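Just follow the structure's listing: the first ligand is 1, and inside any ligand the first atom is 1. What you see is a predicted model, and the numbers here were worked out from it, not measured in a lab.
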Amino acid sequence: MSDIIKTIESALDKVADPKYGSDGLNIVISYNKEASLADAKKVQALLDQTDSGPLAGVPLIVKDNIATLDTPTTCGSKILRGYQSPYEATVISKLRAAGAIPVAKANMDEFAMGSSTENSSYGPTKNPLDPTRVPGGSSGGSAAAVAAGIAPIALGSETGGSIRQPAAFCGIVGVKPTYGRVSRYGLVAFASSLDQIGVFANNVKDAAVATYITAGKDPRDATSADVAVPGYSEANDLNGMTIGIPKEYFPESLDSGVRARCNAAIEALKSAGASIKEISLPHSSLAIQTYYIIAPAEASSNLARFDGVRYGVRKSGNGDLTSMYETTRTEGFGDEVLRRIMLGTYVLSHGYYDAYYKKALSVQSLIRQDFSNAFRDGVDAIFTPTTPTTAFKLGAVTDPYEMYLSDVFTATANIAGVPAMSQPIGRVDGMPVGGQIIANHFDEPTMFKVATVLETTLGQDAHR
Ligand code: GLN
């Protein structure tokens, strides 16, 4: 039997293992064995003839808000239970063309709203490194799948930190590309001006290679950018480079273990030849407030389409149209989604639009300006902790605002549209700590260069 078919069969055995199903870590939502095996046979046939792509036979896990043809796309929501997309996302087509084979859809916070994957209608995903802890969110199933070894690559989506934060909590690499770098066609919209699809992997090179495969202008997404896509290049040192350390990301309240790992990473950057420069991104403290106006505003509009008519589940209520809408939405959406819709319609309503939504857009320009100033003043990349703490216990964070603060260090990159990633930089009490690298718009090459050198310089220290 061929290698690729064997690889995919073994990935499918893992996907179907009860350990990863709803009674276990609850990572996998759906899979389609026949379709994955048929894909594997096609890739093997191509490989037998010629070269079938850089990811030939690599099993791929997909967050359940990215449209696929062979499995449902539910966004972790009751309202889309069983929903079958009639088309597939551009990223899936591109990865398949490169030889990757989707083997499962992964659990997530409903409609990508959350930081722990506890807001899923399928129940929470557990962190493979410690099942009493969350994997982070909202792409927690995808991150956990890579950390558990189900597949070497997974797709997630980001609006405010949903790839980087779970990557940090699960001890793997997670990338949020520049806004516009990767097509959003086939990604169920949360907040369209902030959303990006990105990759999880075990190491920087795999993450970079897969990111570049998914990147590029797509005629089906008007916001995708027509910017040349570079290839991945190896790097050995950071000579001549300046890494900015923004003081706002190292507050006194920062967990001392996280701080210590960050300091060690900064030393590693220095030893690789980089100059370290303290910088200020003064409007960072407004990021969460800004995010929680812009994101719910867009979500309230994007989620209006789930009305019981066009997609998924319908609940008839007492029989008239309004009652059908109301009952479908009340029963179909979970609490966090309903909270965001209410928040979003409120900040967009006549009388509050100027006070909240318009104000938030002004603050967004200030945050963007902070980053432009830093890069203009000679910083090549920025280093920060990805999260203020390591993975917390399941059920430990019950206050929504406290949950929102998980993204204090990540949401700024979405608001500014710049590329950012998280990579493992060590552990505290056995749990992984993520270091974040941020670069200028479309400067993924610099981001991956810094990450590559940091990864080799830290070596095994990144995982202990
Ligand atoms: N945690 C943030 C939220 O709940 C970000 C989510 C995301 O990036 N999709 O909205």
At under 4.0 Å between heavy atoms, which part of [X] makes contact with ligand 1: side chain, backbone, both or neither?
{"X": "Asp407", "answer": "side chain"}
{"X": "Arg164", "answer": "neither"}
{"X": "Ala112", "answer": "both"}
{"X": "Phe190", "answer": "side chain"}

Donor on one side chain, acceptor on other, [X] and [Y], under 3.5 Å:
{"X": "Asp407", "Y": "Gln165", "answer": "no"}
{"X": "Thr223", "Y": "Asp221", "answer": "yes"}
{"X": "Glu298", "Y": "Ser193", "answer": "yes"}
{"X": "Arg220", "Y": "Thr90", "answer": "no"}

Strictly below 4.0 Å, N to O, side chains only: are Glu158 and Arg164 in salt-bridge contact?
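Looking at Glu158 and Arg164, the cut-off is met.
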
What I want to find out is whether Lys217 reaches Asp226 closely enough, with some N-O distance under 4.0 Å, to be called a salt bridge.
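The answer is no: the pair does not qualify as a salt bridge.
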
Per-atom contacts of ligand 1 with [X], taking only distances under 4.0 Å to non-hydrogen atoms:
{"X": "Glu158", "answer": "8 (O)"}
{"X": "Gly160", "answer": "5 (C), 7 (C), 8 (O)"}
{"X": "Ser138", "answer": "9 (N)"}
{"X": "Met113", "answer": "4 (O)"}
{"X": "Ser115", "answer": "1 (N)"}

Do any nitrogen or oxygen atoms of Arg340 lie less than 3.5 angstrom from nitrogen or oxygen atoms of ligand 1?
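There is such a contact, yes.
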
Looking only at distances, can you tell me whether any N or O atom of Ser157, backbone or side chain, sits closer than 3.5 Å to an N or O atom of ligand 1?
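For ligand 1, there is no N or O atom that lies under 3.5 Å from one belonging to Ser157.
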
For [atom], what's the nearest protein heavy-atom neighbour? Residue, atom name and distance, please.
{"atom": "atom 7 (C) of ligand 1", "value": "Ser162 OG, 2.4 Å"}
{"atom": "atom 3 (C) of ligand 1", "value": "Tyr292 OH, 3.1 Å"}
{"atom": "atom 10 (O) of ligand 1", "value": "Tyr291 OH, 2.7 Å"}

So does Ile66 get a backbone contact from the side chain of Lys105, meaning a donor-acceptor N/O pair under 3.5 Å?
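Side chain of Lys105 to backbone of Ile66: a pair is present.
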
Is there a side-chain contact between Pro385 and Phe250 in this structure, where contact means two heavy atoms from C-beta onward sitting under 4.5 Å apart?
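In contact.
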
Quick check on side-chain contact (heavy atoms from CB on, under 4.5 Å): which of Asp206, Ile172, Ile27 does Val146 satisfy it with?
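The side-chain contact (heavy atoms from CB on, under 4.5 Å) with Val146 is passed solely by Ile172 among Asp206, Ile172, Ile27.
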
Would one find more than 12 heavy atoms of other residues, nucleotides or ligands at under 6.0 Å from atom CZ of Phe375?
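Counting neighbours around CZ of Phe375, more than 12 heavy atoms of other residues, nucleotides or ligands fall under 6.0 Å, so yes.
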
Non-hydrogen atom of Gly161 closer than 4.0 Å to ligand 1
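The answer is yes: ligand 1 sits under 4.0 Å from a heavy atom of Gly161.
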
